[in-house]
Peer 1: 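Please read through the structure below; I'll follow up with questions.
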2 protein chains.
Amino acid sequence: MNNQATIDKSPQNGLDEILNKSADLMARLGYHGTSMRDLAHVTGRSLSGLYHYFSNKEELLFLINQRGFTSLLSMTHEFMEQDLTPKERLSRLIHNHVTYFMSHLSEMRVMTSGSMDMNDQRSKILRTLKKEYAEVGQKIVGDYIKDQTGINYPHNIISRKTYLLYGMMNWIFGWYSAKEHGSAIDVADDIFRTFTKGCCNEHSKI
Amino acid sequence: MNNQATIDKSPQNGLDEILNKSADLMARLGYHGTSMRDLAHVTGRSLSGLYHYFSNKEELLFLINQRGFTSLLSMTHEFMEQDLTPKERLSRLIHNHVTYFMSHLSEMRVMTSGSMDMNDQRSKILRTLKKEYAEVGQKIVGDYIKDQTGINYPHNIISRKTYLLYGMMNWIFGWYSAKEHGSAIDVADDIFRTFTKGCCNEHSKI
DNA sequence: TAAATTAAAGAACGATCGTTCGGATAATTA
DNA sequence: TAATTATCCGAACGATCGTTCTTTAATTTA
């Protein structure tokens, strides 16, 4: 017999495996376009067996979102506690987000497609997580601009600039191909250079 | 009796009105999350009556996409024929895209959510339109960078930079609020400044 | 006016949806 | 080993899905 420790490409079992495979399918077909029977098929389980891991389809969507934002936030909090310059912090934020984004493309695709389909309590929890993550980004961008220009711009200006940065990063799933566009580090470096110095600084020192 | 020329807020009738109201609903609920009965309700028509304007739901999605990309492309071709500097062209591209985006938010939301649900022939037509629009953008960005730096960067570098620009613009629906973030012109100016000079040039002359 | 075309609607079709239920099997605990 | 718990499944439920059929009203053309 084979050693049962040598399993296929998805070593994990249980809920995490279900969330991953569900995110893969939902990223391609959308939440409403993915049926519980589809999910049962890709997870290798029966339709009714899935309901031992979540109470309904909506909760599955919530769990995918919650796990993702919690991971992103904990990684961010980690380097926010370190003693870094504003520029280093901005660089870390971008590398962190882009790297996580690219290694969890399906999950991020689901996370960025909105949470219109959840009940009030769940969407409120996600809104809180998203707001917290957005505010960390705004603080980092605001501190960087203050450090570079000496000016404290009003909140709505900083907010808009931060959303432009997130736009560059979150649009990745619409075009990225490793063969043509390089590694996650290449993309993150490009976004950092473009956001801080504009598009004409391809090989300038950072 | 009322003059029948004074109609409600949606003066248009027929297919265009249906496409607009359908895009509004699909932008909120997604393609699969919006039922033909929902569409019949918001358009004030009967379920079966809708099928006189398109042969099935998939074609409706195609028509929304085709109309949007065709409009965007024709506006772009218009200013590409004018005698403008590379910088002016880039500015026009951004203002054009952002203005159209903001006045057709629902439609653009549907257009940016992918066309996985269409048959081969239709998705091929849309892919061609998208490719043409992307190539115009890449030409404008490439010309601008060449004009500013004198360097002809390889295609994949220009392509990546252009996608970052489109990311800033296409992410608008995720955050934009007129009250907090200003008009379309304000946003377009901000994107132009950020893309050309970086985030620390809030009030520099363009 | 008569004929022809377009626009609209009610009712129903088979298919698929998310969910539930009772019972079976595997794993853990006592 | 016996009892308990966690997993899992086949079958079925009512609801809703996209689509079609048949008929009727409105508009345009001849």
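Residue numbering restarts at 1 for every chain, and letters A, B, ... go by the order of the sequence lines.
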Peer 1: Where the side chain of Lys139(A) meets the backbone of Ala134(A), is there a donor-acceptor pair that is under 3.5 Å apart?
Peer 2: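 Pair absent, no side-chain N/O of Lys139(A) close to backbone of Ala134(A).
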Peer 1: Whole Å only: how far is the NE2 atom of His32(A) from the P atom of dC17(C)?
Peer 2: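 Going from His32(A) (NE2) to dC17(C) (P), I get 13 Å.
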Peer 1: Among pairs that include at least one residue of residues 110-125 of chain B, which meet salt bridge (Lys or Arg N to Asp or Glu O under 4.0 Å), considering only residues two or more places apart or in two chains?
Peer 2: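 Output for this query lists Glu58(B)-Arg122(B), Glu59(B)-Arg122(B).
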Peer 1: Write down the distance between OH (Tyr53(A)) and C1' (dC8(D)), rounded to a whole number of angstrom.
Peer 2: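 The distance from OH of Tyr53(A) to C1' of dC8(D) comes to 8 Å, rounded to the nearest Å.
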Peer 1: In whole Å, I'd like the distance from the CD atom of Glu17(A) to the P atom of dT7(D).
Peer 2: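 Rounded to whole Å, this separation is 13 Å.
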Peer 1: Between the protein and nucleotides 9-16 of chain C, which nitrogen or oxygen pairs are less than 3.5 angstrom apart?
Peer 2:
unit_1: dA9(C); atom_1: OP2; unit_2: Ser46(B); atom_2: N; d: 2.5
unit_1: dA9(C); atom_1: OP2; unit_2: Ser46(B); atom_2: OG; d: 3.2
unit_1: dA9(C); atom_1: N7; unit_2: Ser48(B); atom_2: OG; d: 2.9
unit_1: dG10(C); atom_1: N7; unit_2: Ser48(B); atom_2: OG; d: 3.3
unit_1: dG10(C); atom_1: O6; unit_2: Ser48(B); atom_2: OG; d: 2.6

Peer 1: Would the His97(B) and Tyr166(B) ring centres measure less than 6.0 Å apart?
Peer 2: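 Yes; Tyr166(B) has its ring centre under 6.0 Å from that of His97(B).
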Peer 1: Write down the distance between CG (Asn56(B)) and C1' (dC17(D)), rounded to a whole number of angstrom.
Peer 2: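 That distance rounds to 14 Å.
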Peer 1: List in chain and number order the residues that pass side-chain contact (heavy atoms from CB on, under 4.5 Å) with Gln82(A), two or more places apart in sequence or in another chain; answer none if no residue qualifies.
Peer 2: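 Only Phe79(A), Leu84(A), Arg92(A) meet the side-chain contact (heavy atoms from CB on, under 4.5 Å) criterion with Gln82(A).
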Peer 1: When you compare the protein's N or O atoms with those of nucleotides 24-27 of chain C, which come within less than 3.5 Å of each other, and at what distance?
Peer 2:
none

Peer 1: Can you check the Ile18(A) CD1 to dC8(D) C1' distance for me, whole Å?
Peer 2: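 Whole-Å distance recorded here is 11 Å.
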Peer 1: Mind calculating the distance between CG (Asp117(B)) and P (dG18(D)) to the nearest angstrom?
Peer 2: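 Taking atom P of dG18(D) as the reference, CG of Asp117(B) is at 12 Å.
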Peer 1: Have a look at Thr43(A) and say if it touches a base, only the backbone sugar-phosphate, or nothing, with a 4.0 Å heavy-atom cut-off.
Peer 2: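 Thr43(A): no heavy atom of the nucleic acid under 4.0 Å.
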Peer 1: With sequence neighbours left out, write down each residue that passes side-chain hydrogen bond (donor to acceptor under 3.5 Å, both in side chains) with Gln138(B), or none if nothing qualifies.
Peer 2: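 Counting only residues at least two positions away or on another chain, Gln138(B) forms a side-chain hydrogen bond (donor to acceptor under 3.5 Å, both in side chains) with His155(B).
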Peer 1: State whether Tyr51(A) places a side-chain N or O below 4.0 Å from either non-bridging phosphate oxygen (OP1 or OP2) of dC8(D).
Peer 2: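 No, Tyr51(A) has no side-chain N/O under 4.0 Å of OP1/OP2 on dC8(D).
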Peer 1: Take the protein atom NZ of Lys57(A) and the nucleotide atom C1' of dC17(C), then report the distance between them rounded to whole Å.
Peer 2: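 These atoms are roughly 8 Å apart.
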Peer 1: Rounded to the nearest Å, what distance is computed from the CE atom of residue Met36(A) to the P atom of nucleotide dT20(C)?
Peer 2: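 Answer to the nearest Å: 10 Å.
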Peer 1: By the salt bridge (Lys or Arg N to Asp or Glu O under 4.0 Å) test, which pairs, at least two apart or in different chains, include something from residues 39-49 of chain A?
Peer 2: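 Qualifying pairs, neighbours excluded: Glu17(A)-Arg45(A).
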Peer 1: Can you pull out every side chain to side chain donor-acceptor pair (under 3.5 Å) where at least one residue sits in residues 68-78 of chain B? Sequence neighbours excluded, please.
Peer 2: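 For residues 68-78 of chain B, and leaving out neighbouring residues, the side chain to side chain donor-acceptor pair (under 3.5 Å) pairs sorted by first residue read His77(B)-Glu132(B).
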Peer 1: Can you pull the salt bridge (Lys or Arg N to Asp or Glu O under 4.0 Å) pairs that have at least one residue in residues 27-44 of chain A, sequence neighbours excluded?
Peer 2: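 Non-adjacent pairs meeting salt bridge (Lys or Arg N to Asp or Glu O under 4.0 Å): zero.
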Peer 1: Scan residues 96-113 of chain B for pairs that pass salt bridge (Lys or Arg N to Asp or Glu O under 4.0 Å), counting only residues two or more places apart or in two chains.
Peer 2: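 The answer is Arg67(B)-Glu107(B).
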